[in-house]
Protein chains: 2
Amino acid sequence: MPPTNTDRASTDRASADRTDTGRTSADYFRQLAAERPDIALCRASTAVARAADAQAQALGIGVGRHLVLKMLAEVGPCSQRVLSDQLRIDRTVMVGLCDSLEEAGHVRRERHATDRRAYAVTLTDTGRQLLDRAEAAVPEFLDSTFGALGPAERKQLATLLGKLLHSTSRP
Amino acid sequence: MPPTNTDRASTDRASADRTDTGRTSADYFRQLAAERPDIALCRASTAVARAADAQAQALGIGVGRHLVLKMLAEVGPCSQRVLSDQLRIDRTVMVGLCDSLEEAGHVRRERHATDRRAYAVTLTDTGRQLLDRAEAAVPEFLDSTFGALGPAERKQLATLLGKLLHSTSRP
DNA sequence: CAGAAATCGTCTGGAGCCAGATTGTTTGAC
DNA sequence: GTCAAACAATCTGGCTCCAGACGATTTCTG
């Protein structure tokens, strides 16, 4: 880490000065990311989210909708509250996701048998078909987005994020 | 598995229960995060960003403003464009950040000497004082937020995120 | 030099996210 | 049984983010 309190304010030419530590403003972000894992995490997240959005849009389904279908397929009918909690999607957002999925016929909102406050959101056949199509594209998407990391590194990353998630969601 | 019409997703999780709708998903998120690093990354990012926001708010400064002051201190006067590029903050957002910093007297907008389209955003003394206070709180914040990871793991995480950032920002 | 193209900062509008209030239903205390 | 509290889903309003358009200024091209 280079000394930070330097006071060099005088001349500021258009091209970055390359006098001292190599680069000052030319690639400041790299230094910042190394020093502040929180910032690195957030910036990486937006980059990945952007890629995921683009890919999901191309498939005619949003990331949130994809996750809802996936969870319904793997867990069975759920209330919106359970979907929200487990997918970490705000409950007021989940309303819109289920609205659009239901309107497209990918999901039915059946009343829960014993608790009529809650729905039992249920996957339909067309929903499962859409999910299968979306799932088929996931591996390639992950390969291209995380292509800079080898298999071992991806596993490392997943482990580290897992620890982080478990700690931050349970203080 | 519940006796729904869906019987195809045969995940070999032995920890399934047979209650009615809802309880099958005791901790679905953990499985999802292990399988989808993109989702894990985004959820971890929002958790960390939330913590950072709370902490920055308590200090009377937002994360974006903090970063602007930090970069100005380490690099010297910058145009808003350079700040935006290096901090990965949208240029239209940078306008508001600089507005509030200038209004509070932490920053001056001087015209660039040779390019009168651009400003030379310059740190003031009060700005440097605020930055020092904010920087003083960073290590403790990082320790508490990334407390689940040991020093070696944090270094791993920084390295992995660095690779990811470098690859995603250069398509 | 003129004029076209690029660049800097700004403004505007649409989209998404989330805290808080609201409605209908269930649960628990008495 | 009755009433208050808790809870599922929804609605509302305020907020931030970002694409695109705009005026002012510079740089490029001939």
Side-chain angles (χ1 to χ4, degrees), chain A residues 12-16 25 42-43 45-54 56-57 61-68 77-103 107-122, chain B residues 20-23 25 42-43 45-54 56-57 61-65 67-68 77-103 107-122:
Chain A
D12 178 16
R13 285 290 159 202
S15 62
S25 72
C42 291
R43 298 303 185 266
S45 166
T46 62
V48 167
R50 205 178 279 266
D53 270 341
Q57 199 95 17
I61 185 180
V63 175
R65 279 177 279 270
H66 181 163
L67 292 181
V68 169
C78 283
S79 71
Q80 294 182 190
R81 162 58 87 176
V82 171
L83 289 168
S84 294
D85 285 346
Q86 292 302 314
L87 299 178
R88 305 291 198 270
I89 294 174
D90 190 272
R91 66 196 193 284
T92 66
V93 175
M94 185 58 66
V95 175
L97 294 180
C98 290
D99 279 352
S100 61
L101 284 173
E102 186 179 38
E103 189 180 7
V107 143
R108 281 193 313 272
R109 269 181 172 125
E110 304 172 347
R111 276 292 169 190
H112 192 287
T114 61
D115 185 347
R116 284 176 39 204
R117 291 173 302 183
Y119 288 131
V121 183
T122 306
Chain B
D20 213 0
T21 311
R23 291 280 283 268
S25 53
C42 291
R43 297 305 184 265
S45 166
T46 62
V48 167
R50 203 178 279 266
D53 270 341
Q57 199 94 18
I61 186 181
V63 175
R65 281 179 279 270
L67 292 181
V68 169
C78 283
S79 70
Q80 293 182 193
R81 163 57 90 176
V82 172
L83 289 168
S84 294
D85 285 346
Q86 292 302 313
L87 298 178
R88 306 291 198 271
I89 295 173
D90 190 271
R91 65 195 193 286
T92 66
V93 175
M94 185 59 66
V95 174
L97 295 180
C98 289
D99 279 352
S100 62
L101 284 173
E102 186 180 37
E103 189 180 6
V107 144
R108 281 193 312 273
R109 270 182 173 123
E110 304 172 348
R111 274 294 169 191
H112 192 288
T114 61
D115 186 346
R116 284 175 39 205
R117 291 173 303 184
Y119 289 131
V121 183
T122 306

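All figures in this text were calculated on a predicted structure; none of them were measured in a lab. By convention in this document, chain letters (A, B, ...) are assigned in the order of the sequence lines, proteins followed by strands, and residues within each chain are numbered from 1.
Evaluation of the salt bridge (Lys or Arg N to Asp or Glu O under 4.0 Å) rule for B/Asp53 yields no partner, not counting sequence neighbours. Applying the salt bridge (Lys or Arg N to Asp or Glu O under 4.0 Å) rule to B/Arg116 yields no partners; only residues at least two apart in sequence or on another chain are considered. By the salt bridge (Lys or Arg N to Asp or Glu O under 4.0 Å) test, A/Asp85 pairs with A/Arg81, sequence neighbours left out.
In this structure, A/Asp90 atom CG and D/dC11 atom C1' are separated by 13 Å, rounded to whole Å. Rounded to an integer number of Å, the gap from CZ of B/Arg88 to C1' of D/dC17 is 17 Å. The CG atom of B/Leu97 sits 16 Å away from the P atom of D/dC15 (whole-angstrom rounding).
Think of the region where chain B sits on DNA chain C: with heavy atoms and a 4.0 Å cut, that region ends 5' and 3' at C/dA6 to C/dA19.
Proximity of a side-chain donor or acceptor of B/Arg50 to a complementary backbone N or O of B/Ser45 within less than 3.5 Å is not detected.
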Write down the protein N/O and nucleotide N/O pairs, taken from nucleotides 2-9 of chain D, whose separation is under 3.5 Å; answer none if there are no such pairs.
unit_1: D/dC7; atom_1: O4'; unit_2: A/Arg117; atom_2: NH1; d: 3.4
unit_1: D/dC7; atom_1: O2; unit_2: A/Arg117; atom_2: NH1; d: 3.1
unit_1: D/dA8; atom_1: OP2; unit_2: A/Arg81; atom_2: NE; d: 3.3
unit_1: D/dA9; atom_1: OP1; unit_2: A/Gln80; atom_2: N; d: 3.1
unit_1: D/dA9; atom_1: OP1; unit_2: A/Tyr119; atom_2: N; d: 2.9
unit_1: D/dA9; atom_1: OP2; unit_2: A/Gln80; atom_2: N; d: 3.2
unit_1: D/dA9; atom_1: OP2; unit_2: A/Arg81; atom_2: N; d: 2.5

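The CD atom of B/Glu102 sits 10.0 Å away from the OG1 atom of B/Thr122 when rounded to the nearest 0.5 Å.
Position along DNA chain D of the nearest nucleotide to A/Gly96 versus A/Thr46 favours A/Gly96 as the more 5'-ward residue.
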Without placing hydrogens or testing angles, list every side-chain donor-acceptor pair under 3.5 Å for residues 90-97 of chain B, not counting sequence neighbours.
unit_1: B/Asp90; atom_1: OD1; unit_2: B/Thr92; atom_2: N; d: 2.9
unit_1: B/Asp90; atom_1: OD1; unit_2: B/Thr92; atom_2: OG1; d: 2.6

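Crowding of A/Gln57 atom CD: a count of heavy atoms from other residues, nucleotides or ligands under 6.0 Å not exceeding 12.
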| message | A/Arg111 vs A/Tyr119, test: side-chain contact (heavy atoms from CB on, under 4.5 Å). Steps then yes/no. | response | CA-CA 5 Å; A/Arg111 276 292 169 190; A/Tyr119 288 131; 3.4 Å; yes
